[in-house]
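First up is the structure itself, then whatever we jot down about it.
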Amino acid sequence: MRDAELSNALLAWYDTHGRTLPWRVGPADRAAGIRADPYRVWLSEIMLQQTTVAAVREYFRLFTERWPSVEALAAAEDGDVMAAWAGLGYYARARNLLKCARVVASDLGGVFPDTVDGLRRLPGIGPYTAGAIAAIAFDRPATVVDGNVERVMARLHAIKSPLPAAKSELTECAAALTPQTRPGDHAQAVMDLGATICTPRRPACGICPWRDPCAARAAGIADTLPRKLPKAAKPIRLGIAYVARRADGAWLLQRRPDKGLLGGMLGWPGSDWGEAPTPAPPLDAGWRDAGAEARHTFTHFHLRLRVEVAEVPADTPPGEGMFVAKESFRPADLPTVMRKVYDIASSALLSD
DNA sequence: AATCCGTGGTG
DNA sequence: TCACCAAGGAT
């Protein structure tokens, strides 16, 4: 089957079976020539980096409700955006989201670039996201390669060499398939195929629009592709978190530095995280063990945090941190590991 | 080029 | 319980 036929078959499938998503334009509007809002496409694509649709849905709804335009987002307070992003992970995305919004609002008149090269220059926008926005929002014939596309291409052509080395070959396959007509729908169609039919485990080959031309299906190896190099084992790191509650109910928190793990997010003061962490209480107090440890797994290590708690007088100075008033403190504003620490600490403090 | 950076679901 | 995985980018 020629590339053009493959693309046509996929588009026909997409017109019937493509997913309805909050940041997408539906088939009826699409037929009427209505295009997606570049701001919403950009926002969704940033949120979807290494993140599932299910996890993104509610965040996308909250963000677009609170900040309906790139100008509104650009005018937001850093802390508000970081708090709104809390729980979604990869917090550099949120920092770059704000940077990008401010560049677009201030330097580009609130208008997103409509080319891959223009988009690629913006913070937080790499090869995938630039192609996705160019294709989806502006119908540019960009080649879009994400994890779904890699998997679909590896199976369609039965490419057995493992990722990440196979990336360039998979990109060439995807480029050859990209049509000049409806490239935005094509890009979304390949990703939908990967998300709903050509899934990592137990692909539904029987109902796939590409079941006949698929080389991996013919060879009976679809569910073994793409091959990937084994990943390094995750080491275990230890640490201590300190949760101080002032007599008036305020909590002692710190803003983490912009660089590195959980950069820019709120967190509890604590020790370093390693094999033998050095205790580092943020202030003198009657610290006591909360009786449970917070366990959390990051991308490249497991963490076990011992939790220590203290009740401190109303006139306690905040030291390196800041006391956040009871009324303005929301556990949901914290990254997940810090929220786990809060859950343990609060039950220990309240059970006295 | 290899490493760093989150999280929640899944089998 | 645990390894693997999901719409990557920055350095």
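Naming convention: chains lettered A, B, ... in sequence-line order (proteins, then strands); numbering from 1 in each chain. None of the values given here were measured: they were computed from a predicted structure. These values consider heavy atoms only, across backbone and side chains, with no hydrogens, waters or symmetry-generated copies.
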Lys/Arg-Asp/Glu bridge criterion (N-O < 4.0 Å) met for A:Arg339, A:Asp343: yes
Identify, between A:Arg295 and A:Ala195, the residue whose nearest nucleotide on DNA chain C lies closer to the 5' end. A:Arg295
By the 4.0 Å heavy-atom rule, please label A:Val53 as base, sugar-phosphate, or nothing. base
Please walk me through it: do A:Asp185 and A:Arg182 pass salt bridge (Lys or Arg N to Asp or Glu O under 4.0 Å)? CA-CA 5 Å; A:Asp185 287 341; A:Arg182 300 182 65 189; 3.0 Å; yes
Just checking A:Leu303: base, sugar-phosphate only, or nothing, at a heavy-atom cut-off of under 4.0 Å? nothing
Hey, is NZ on A:Lys234 packed in by over 12 heavy atoms from elsewhere, all under 6.0 Å? yes
Identify whether NZ of Lys or CZ of Arg in A:Arg256 sits under 6.0 Å from the centre of the six-membered ring of A:Trp273 and within 45° of that ring's axis. yes
Every protein N/O within reach of nucleotides 8-11 of chain C N/O, cut-off under 3.5 Å:
{"from": "C:dG8", "atom 1": "OP1", "to": "A:Gln50", "atom 2": "OE1", "distance (Å)": "3.4"}
{"from": "C:dG8", "atom 1": "OP1", "to": "A:Gly147", "atom 2": "N", "distance (Å)": "3.4"}
{"from": "C:dG8", "atom 1": "OP2", "to": "A:Gln50", "atom 2": "N", "distance (Å)": "2.6"}
{"from": "C:dG8", "atom 1": "OP2", "to": "A:Gln50", "atom 2": "OE1", "distance (Å)": "2.7"}
{"from": "C:dG8", "atom 1": "O5'", "to": "A:Gln50", "atom 2": "N", "distance (Å)": "3.2"}
{"from": "C:dG8", "atom 1": "O5'", "to": "A:Gln50", "atom 2": "OE1", "distance (Å)": "3.1"}
{"from": "C:dG9", "atom 1": "OP1", "to": "A:Gly126", "atom 2": "N", "distance (Å)": "2.9"}
{"from": "C:dG9", "atom 1": "OP1", "to": "A:Gly126", "atom 2": "O", "distance (Å)": "3.4"}
{"from": "C:dG9", "atom 1": "OP1", "to": "A:Thr129", "atom 2": "N", "distance (Å)": "2.9"}
{"from": "C:dG9", "atom 1": "OP1", "to": "A:Thr129", "atom 2": "OG1", "distance (Å)": "2.6"}
{"from": "C:dG9", "atom 1": "OP2", "to": "A:Pro127", "atom 2": "N", "distance (Å)": "3.4"}
{"from": "C:dG9", "atom 1": "OP2", "to": "A:Tyr128", "atom 2": "N", "distance (Å)": "3.2"}
{"from": "C:dA10", "atom 1": "OP1", "to": "A:Gly124", "atom 2": "N", "distance (Å)": "2.6"}

Round to the nearest Å and state the distance from A:Arg201 atom CZ to C:dA3 atom P. 14 Å
Between C:dT11 and B:dG6 - P atom distance, rounded Å: 14 Å
Is A:Lys340 touching bases, backbone alone, or none of the nucleic acid, heavy atoms closer than 4.0 Å? nothing
What nucleic acid atoms does A:Gly263 come within less than 4.0 Å of, heavy atoms only: base, sugar-phosphate, or nothing? nothing
How about A:Arg330 and A:Asp333: do any of their side-chain heavy atoms sit closer than 4.5 Å? yes
What are the bounds, 5' to 3', of the part of DNA chain B that sits under 4.0 Å from heavy atoms of chain A? B:dC4 to B:dG8
Test: A:Asp29 and A:Arg35 ion pair at under 4.0 Å: no
Whether over 12 other heavy atoms sit under 6.0 Å from A:Glu5 CD: yes
Is the closest basic N to carboxylate O distance between A:Asp192 and A:Arg24 below 4.0 Å? yes
Sugar-phosphate only, base, or nothing, as touched by A:Gly87 at under 4.0 Å among non-hydrogen atoms: sugar-phosphate
Assign A:Lys234 to base, sugar-phosphate, or nothing according to its heavy-atom contacts below 4.0 angstrom with the strands shown. nothing
Quick one: do A:Glu308 and A:Arg288 make a salt bridge, cutoff under 4.0 Å? no
